[in-house]
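Here's the structure we're looking at; comments come further down.
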Amino acid sequence: MTFDRRARAAEVAARTLATASRATKDAALHAMAVRLLDAQEAILAANAADVAAAEASGTSRALIDRLRLTPERLGAMADGLRQLAGLPDPVGDVVRGWTNPNGVSVRQVRVPFGVVGIIYEARPNVTADAAGIALKSGNAALLRGSSSTLASNRAIMVALREGVADAGLPEDAVQLVEGDRSVTAEMMAARGLVDVLIPRGGAGLINAVVEGSKVPVIETGTGNCHLFVDASADQDMALDILLNAKVQRPSVCNALETLLVHADAAPTFLPRALAALADAGVTVHGTDAVRSYSDAVLPAREDEFDEEYLSLDLAAAVVDDLDAAIEHIREHTTGHSETIVTSDLVAADRFVAEVDAAAVLVNASSRFVDGGEFGFGAEIGISTQKLHARGPMALPEMTSTKYVVTGRGQTRA
């Protein structure tokens, strides 16, 4: 099927979804979860083929971790769909409303976008997450995964579409977009057929969509996430947060990539931190000040402070004070998630006020910047832009609004 035909079929399906009841959409989500688990054998076999091909082509361990499915991860995908069914339906919510002195009432009401295109890399779980979030928020979804996950995505999509149909909704509410790069170009040029595009992946993909799309884009960003250990920090707490943010799952966008340590804390904190990071298998790329504490630290190139490693690598520097930390973050941040560990309330308040990011954390791991951890359920991604949605993109962020104006025959003077 051509992309144009897919987009037009999605447009028709979106009209049905826009007026579907919550009960119908929730029934579809539960049915999609059941179908996913019923198809476990076929999905895992398809995924094994994708993983084998990726390993043979020399794909990095970080990307293979994102690509790989297991029974546990497949179960989590199904759980995510069920959790979505338990969340409030944003469609029809009144954002604000009032009555003017002339008796005309005005309400701002949440409505679906319509047709949402999502372009993403190497994470087949996104196929289920994105389809579920789009459906719950009343949108039809055109999902463009990477070629490395094609077999996995095909098997997942078969199950999802069966679940949608089981609930009496049109199968074309969720579609997989296949083809070469020219299809991606068609998708980005489909203004009027696709209402919004959301890229989810590395910097190259995101920049290509942002710069080349004629369709409005909600930009999800890469995560060069910083942790600043202030002079007043509880160093045991700082060490726990450092290890969790870097090691717990290094291949995701909210993992830590850069460590900044106040010069007054460095003599006591860095020897402990560098030893613990080495024990956890982390390679530290540091400035001369950091390298003075350990021969195992590699020299950091200047461009490494702009790096999203997505691996067990970490850039590190010693900074003179809070001002220097904030200035470093301003220069190198991708606007995702930035953390301070401190016991100084003034320093915490300044960091929160002066650091420009979708999420700013005080004495907590950046791994909490996630739709599920925030209580939103599954998410499309972390938006690092400043228009409409910023931070974890959950159900409300997948809607627009319209104004409903009600009168009793009033006319404007």
Side-chain angles (χ1 to χ4, degrees), residues 1 6 29-84 118-135 141-166 171 174-181 183-184 199-202 204-205 247-255 281 308-312 370 372 378-381:
M1 184 185 294
R6 285 197 182 282
L29 291 166
H30 282 292
M32 291 158 72
V34 169
R35 290 287 191 170
L36 270 182
L37 296 180
D38 287 348
Q40 175 173 299
E41 185 175 346
I43 292 170
L44 293 182
N47 181 251
D50 282 337
V51 170
E55 290 174 335
S57 67
T59 300
S60 71
R61 290 173 59 188
L63 287 180
I64 287 174
D65 177 62
R66 290 184 171 206
L67 168 60
R68 191 186 307 276
L69 291 177
T70 63
E72 292 74 23
R73 288 186 178 181
L74 191 62
M77 289 160 59
D79 287 343
L81 292 169
R82 296 190 190 99
Q83 289 165 8
L84 277 170
I118 302 169
I119 303 175
Y120 55 103
E121 295 176 327
R123 294 186 68 173
N125 64 293
V126 173
T127 304
D129 289 349
I133 292 174
L135 187 141
L142 295 171
L143 306 180
R144 171 69 166 163
S146 59
S147 58
S148 62
T149 59
L150 183 57
S152 304
N153 286 340
R154 281 175 172 168
I156 291 167
M157 186 55 68
V158 168
L160 295 177
R161 285 168 63 89
E162 288 174 347
V164 171
D166 288 344
E171 285 187 349
V174 292
Q175 298 182 63
L176 188 66
V177 177
E178 298 185 28
D180 59 22
R181 291 185 178 181
V183 176
T184 303
R200 179 170 174 173
L205 168 69
V247 176
Q248 196 248 356
R249 194 173 179 194
S251 66
V252 292
C253 63
N254 59 13
E308 185 186 32
Y309 290 111
L310 301 176
S311 62
L312 286 174
D370 173 85
E379 66 177 33
I380 290 291

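Keep in mind the model is a prediction, meaning the values are calculated, not measured.
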Results of side chain to side chain contact (heavy atoms under 4.5 Å, CB included) for Thr184 - residues two or more places apart only: Ile119, Arg144, Met188

Salt bridge (charged side-chain N to carboxylate O under 4.0 Å, His left out) against Arg35, all qualifying residues, sequence neighbours excluded: Glu162, Asp166

With sequence neighbours excluded, residues passing side-chain hydrogen bond (donor to acceptor under 3.5 Å, both in side chains) with Glu41: none

For Ser147, all residues meeting side-chain hydrogen bond (donor to acceptor under 3.5 Å, both in side chains), sequence neighbours excluded: none

Residues which pass side chain to side chain contact (heavy atoms under 4.5 Å, CB included) with Ala131, listed by chain and number, not counting sequence neighbours: Met32, Leu143, Leu160, Val174

Set of side chain to side chain contact (heavy atoms under 4.5 Å, CB included) partners for Ala76, sequence neighbours left out: none

Euclidean distance, Arg66 CZ relative to Ser148 OG, rounded to 0.5 Å: 11.5 Å

Value rounded to 0.5 Å, distance of CG in Leu29 from CG in Leu135: 5.5 Å

With sequence neighbours excluded, residues passing side-chain hydrogen bond (donor to acceptor under 3.5 Å, both in side chains) with Arg123: none

By salt bridge (charged side-chain N to carboxylate O under 4.0 Å, His left out) - contacts of Arg161 (at least two apart): Glu171, Asp172

Straight-line distance of Ser251 OG to Arg68 CZ, nearest 0.5 Å: 11.5 Å

Euclidean distance, Leu205 CG relative to Arg200 CZ, rounded to 0.5 Å: 11.5 Å

With sequence neighbours excluded, residues passing salt bridge (charged side-chain N to carboxylate O under 4.0 Å, His left out) with Arg61: none

Counterpart residues, side-chain hydrogen bond (donor to acceptor under 3.5 Å, both in side chains), relative to Ser152 (two or more places apart): Asn47, Asp50

Residues which pass salt bridge (charged side-chain N to carboxylate O under 4.0 Å, His left out) with Asp79, listed by chain and number, not counting sequence neighbours: Arg82

Leu37 side chain near Val34 side chain, heavy-atom distance below 4.5 Å: no

Leu44: partners by side chain to side chain contact (heavy atoms under 4.5 Å, CB included), with sequence neighbours left out: Gln40, Leu69, Pro71

